[in-house]
Structures are given as structure tokens and as C-alpha cells.
Amino acid sequence: MSLAGLFNPRWPGVALFDLDGTLVDSAPDLAAAVDQMLAHLGRSPAGIDRVRNWVGNGASVLVRRALAGQVDWEPARPKDEALFKDALAIFYHAYGTLNGQHSVVYAGVEACLTHLKNQGCRLGIVTNKPEQFVAPLLEQMGLDHWFDLTVGGDTLPVKKPDPAPLLHAMETLGGTRGTTVMVGDSAADINAALAAGIPCVAVRYGYNYGPAVDTLGADAVVDSLAELL
Ligand SMILES: O=C(O)COP(=O)(O)O
Ligand SMILES: [Mg+2]
């Protein structure tokens, strides 16, 4: 499907957006919180370049990756599980105070949201970020007024790449598979959209790790959301 076709469904349509790595470059604050957590545990910092590759599957996975020092972590033993719980609590506390401080909205985002809103489109956020951090970040970035619905990583019992959060948002906003588009930066977003049967636009500038985002089956891949205008 062409880009123009994807973004000219029978309006008013529904556009669902991933948050971290798609609308907002939140890695500086996530990395600062991860490094505070690691310092608390007497470990050396991970740094933003590594943390950027660990974002996209929610806070628990981010913390497990930080403890393992890599994307893949070993299945936890009971001892590790106690450490994980402590680490997660420290991370939540740290991120609660750092969330939004050094995050920025990507270029092209405001123009894209303005355009879609002017078309009568309903806009939703479907993120794996825990719900408690979503509204404060949107507010601080001045993005909160755009969205009719936000679904966080712990809003439902499952998160992306499960299709349920996308389908929940689509149905709540009155969309159908023919009038809904998902926009994201990672394999979790694309796989959720594929499983939901919703067309998907991927951005190249986000936090996807592993195979290049162009190879993951998105209907279109862009360098800026301004390309969608
Ligand atoms: O919290 C995360 O891991 C990423 O959230 P996202 O789904 O908005 O990319
Ligand atoms: Mg993302």
C-alpha cells in the first residue's frame, strides 16, 4: 500500500502512535534512571547508547536487560528475581523524578498530529511504557491535548507485540481495520500491527534493535513523520 493510501483511509480514521522512539526521544531520561538504579546496586553505568537498544518492551524488560547488561537475559533464578524486584522499584522511583527532564519531541511530530487532527482523525497512544509515566511525559512535552486515548504497557494484562492493546484502542476510538493505522519504531509495534491486521508505518530514527526496521514487514518506513503529510 502506498504512503498516501495508508494515510487517506475513509476519514475520520484512527491513528495509533507508539510513544518512546516514535513521538518522543525519551532515552536520555530512561538512561539516567537506569544508571541511577545500577549505581544504587553498586554497578557501573550502562550509558545511553546501550540503553537506547533496551527500550521498547516495557520497564520490566528494560530493567532485566540492564541487570544482564544485554538485550537477552537468562531465565531468572529466585535469587535474581529478588534482585530484579529491588532494581525495578529503584528504577520506578528514579524515572518518576527524571521523566521528561531531557526528553524531546522529534521533528515532524507536531506537523503530523496537526494534519491528522485537521482531517478529523482520532488519535491514540499505544505504548509499552507503564501507564503512570505516560500522562506526565505527554504533559511535559506539550502533547497531551492531541490524544483521545492512551494505552500503557500495564493498562491491559498483555502488551505489544500482542495485538490486544492496538485492537482495544482501535475499538475504543471507533475505528475499524480499514480506517486505522499504527505508527511505531520497533519490532514490537510492527508485529502487534501485523497480528492485529492493522496497517503499520515505521520510523527509522527510533530505538529498534536487531534487524533493520525496513526488513520487519511494515507497510511503509519513513525518516520523519512529516513525510506522512
Ligand atoms: O517503555 C518502553 O519500553 C517503550 O515504550 P514504547 O512502546 O512507547 O516504545
Ligand atoms: Mg517505541
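Atoms within each ligand, like the ligands themselves, are counted from 1 in listed order.
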Subject >> Residue list, ring pair (Phe, Tyr, Trp, His ring centres under 6.0 Å) with Y205, at least two apart or on another chain >> reply: Y106

Looking only at heavy atoms of [X], does any of them come nearer than 4.0 Å to an atom of ligand 1?
{"X": "L62", "answer": "no"}
{"X": "K160", "answer": "yes"}
{"X": "G56", "answer": "yes"}

**OP:** Could you tell me whether the side chain of L225 reaches within less than 4.5 Å of the side chain of L113, counting heavy atoms only?
**Re:** no

**OP:** Decide yes or no for L30 and K129: does some side-chain heavy atom of the first lie under 4.5 Å from some side-chain heavy atom of the second?
**Re:** yes

Original post:
Are L167 and L156 connected in the hydrophobic side-chain network, where two residues link if heavy atoms are under 4.5 Å apart?
Top reply: no

For ligand 1, which atoms sit closer than 4.0 Å to a heavy atom of [X]?
{"X": "L19", "value": "8 (O)"}
{"X": "G58", "value": "1 (O), 2 (C), 3 (O)"}
{"X": "V55", "value": "2 (C), 3 (O), 4 (C)"}
{"X": "K129", "value": "1 (O), 5 (O)"}

Original post:
If the Mg ion (ligand 2) is the vertex, what is the angle to O of D20 and OD2 of D18, rounded to 10 degrees?
Top reply: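 The two atoms form an angle at the metal of about 80°.
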
Can you pull out the closest protein heavy atom to [atom]? Residue, atom name and distance to 0.1 Å, please.
{"atom": "atom 4 (C) of ligand 1", "result": "D20 OD2, 3.3 Å"}
{"atom": "atom 9 (O) of ligand 1", "result": "D18 OD1, 2.8 Å"}
{"atom": "atom 8 (O) of ligand 1", "result": "T127 OG1, 2.6 Å"}

**OP:** Identify the heavy atoms of V221 and V213 that sit nearest to each other, and give their distance.
**Re:** CG1-CG1, 3.7 Å

Subject >> Minimum-distance pair of heavy atoms, taken over all atoms of A202 and I190 >> reply: CB-CD1, 3.8 Å

Original post:
Which N, O or S atom name in D185 marks its closest approach to the Mg ion (ligand 2)?
Top reply: OD1

**OP:** Answer yes or no: does an N/O atom from D189 fall short of 3.5 Å to an N/O atom of ligand 1?
**Re:** no

Subject >> Straight-line distance of D35 CG to R50 CZ, nearest 0.5 Å >> reply: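 The CZ atom of R50 is 9.5 Å from CG of D35, to the nearest 0.5 Å.
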
Subject >> Reported OG1-to-CG distance for the pair T150 and L123, which is rounded to 0.5 angstrom >> reply: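 Answer rounded to 0.5 Å: 12.5 Å.
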
Original post:
Which bit of N57 is near ligand 1, meaning a heavy atom under 4.0 Å away: side chain, backbone, both or neither?
Top reply: backbone

Original post:
Where does the angle between the aromatic ring planes of F147 and F17 fall among parallel (under 30°), tilted (30 to 60°) and perpendicular (over 60°)?
Top reply: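 The rings of F147 and F17 stand perpendicular, inter-plane angle above 60°.
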
**OP:** For R43 and L67, indicate whether the former's side chain and the latter's backbone hold a donor-acceptor pair under 3.5 Å.
**Re:**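 Such a contact is found between R43 side chain and L67 backbone.
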
Original post:
So, is D189 placed with an N/O/S atom under 2.8 Å from the Mg ion (ligand 2), counting both backbone and side chain?
Top reply: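 It does not: D189 brings no N, O or S atom closer than 2.8 Å to the Mg ion (ligand 2).
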
